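Taking it in order: structure first as structure tokens, then the write-up.
Note that the structure is a prediction, hence the values are computed from the model and not measured. These values consider heavy atoms only, across backbone and side chains, with no hydrogens, waters or symmetry-generated copies.
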Amino acid sequence: MFTRVAEGRARVVREIRAAAPLLAGPATPTTARGPWLAAALHAAPAPAPRVRHRAVVVEAHRQGRPAGAALLSSVPVLRRGRRVTAVRLLGDGGPPGPPGTAPRRLPAADPAVAGLLADGIADLLAHTRGPWELSLTGLPLGDPVLAALGARLGTGALFRTTRSRALVDALDDVGPVHRSTDPAALERWLPVLLEHRPAGTRRADLRALVRVHAAAGVVEHAVVASGDGARAGLLTLLDGGVRRPWFGFGPGLREAPGQPWVSLVADSRGR
């Protein structure tokens, strides 16, 4: 096994495709799969900083499938007047997925690969020019790569656990609900739903994500009609047999406790 780094948007897209079998399990949410990551990769932040995309890959040989992958982005930021390279998981900071489930993954075939992947991330940080800060968020509890990386970063690494909040679909208690996965039917209600998008989300980025996943048949829109408009509405991602309410508006939607997420933060001062 060896570890390598691929850099640049086109190369990272290839690594996303190559890592698809690693991310094909039922425990992997839509937000950690190829179509979502590719859309996040092409989303243009505003204002557009100098974002670098890199993939740390563990594989047995260059012609084989990766055994582990960390898809990362980095961007220069100012911290108290000092330029710092902020490193995070690809997709973090972009349009949020359904709340309540850890949205990110660091796929690794086994514990040995998890250790090699942690080595690769630590080496990438060690070769970053100038000060850096690392924030790997939204991962499931017990992630082996995160645990191994924390051990390698030492006392400068801090783990944080957050109890997320999930969205509960109770639209059937409000009135007759029209539910459909038809992308053409979705277009009628999409402008209304996007008016109620998560705070801080760019309309164009979220619209692109919705349309890509609707075309794949994994987005359901639900509407409680009222005259010519809608009293309530909801978009839901269909992760295999699991329904994940995404965002919406009106009565019939409420929050409930979600799964705990774990994050790892560190910076070059702690090395």
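Looking only at distances, a side-chain donor or acceptor of Ser268 sits under 3.5 Å from a matching main-chain atom of Trp132. In this structure, Asp172 contributes its side chain and Val174 its backbone to no donor-acceptor pair below 3.5 Å. Using a distance-only test at 3.5 Å, with no hydrogens or angles considered, a donor-acceptor pair links the side chain of Arg33 to the main chain of Leu23. Counting only distance, with no hydrogens or angles, the side chain of Thr101 and the backbone of Pro103 share no donor-acceptor pair below 3.5 Å.
Counting only heavy atoms from C-beta outward, the side chains of Met1 and Glu59 never approach each other to under 4.5 Å. Between Leu209 and Trp36 the shortest side-chain heavy-atom distance falls below 4.5 Å. Between Trp246 and Val210, some side-chain heavy-atom pair lies under the 4.5 Å cut-off. Residues Leu158 and Leu264 form no side-chain contact, since every pair of their non-hydrogen atoms from C-beta on lies 4.5 Å or further apart. Considering only heavy atoms from C-beta on, Pro99 stays 4.5 Å or farther from Arg165 through its side chain. Put simply, the side chain of Leu193 does not reach to within 4.5 Å of the side chain of Arg197, judged on heavy atoms.
Using the six-membered ring where Trp is involved, His196 and Phe249 have ring planes that are parallel, under 30° apart on the 30 and 60° scheme.
Within 6.0 Å of the CZ atom in Arg11, the count of heavy atoms belonging to other residues, nucleotides or ligands does not exceed 12.
In the hydrophobic clustering of this structure, Leu72 groups with Leu134; members are Ile, Leu, Val, Met, Phe, Trp, Tyr whose side-chain heavy atoms approach within less than 4.5 Å, directly or through other members.
Residues Arg188 and Asp182 are not paired through a salt bridge, judged by the lack of any N-O separation under 4.0 Å between the basic side chain and the carboxylate.
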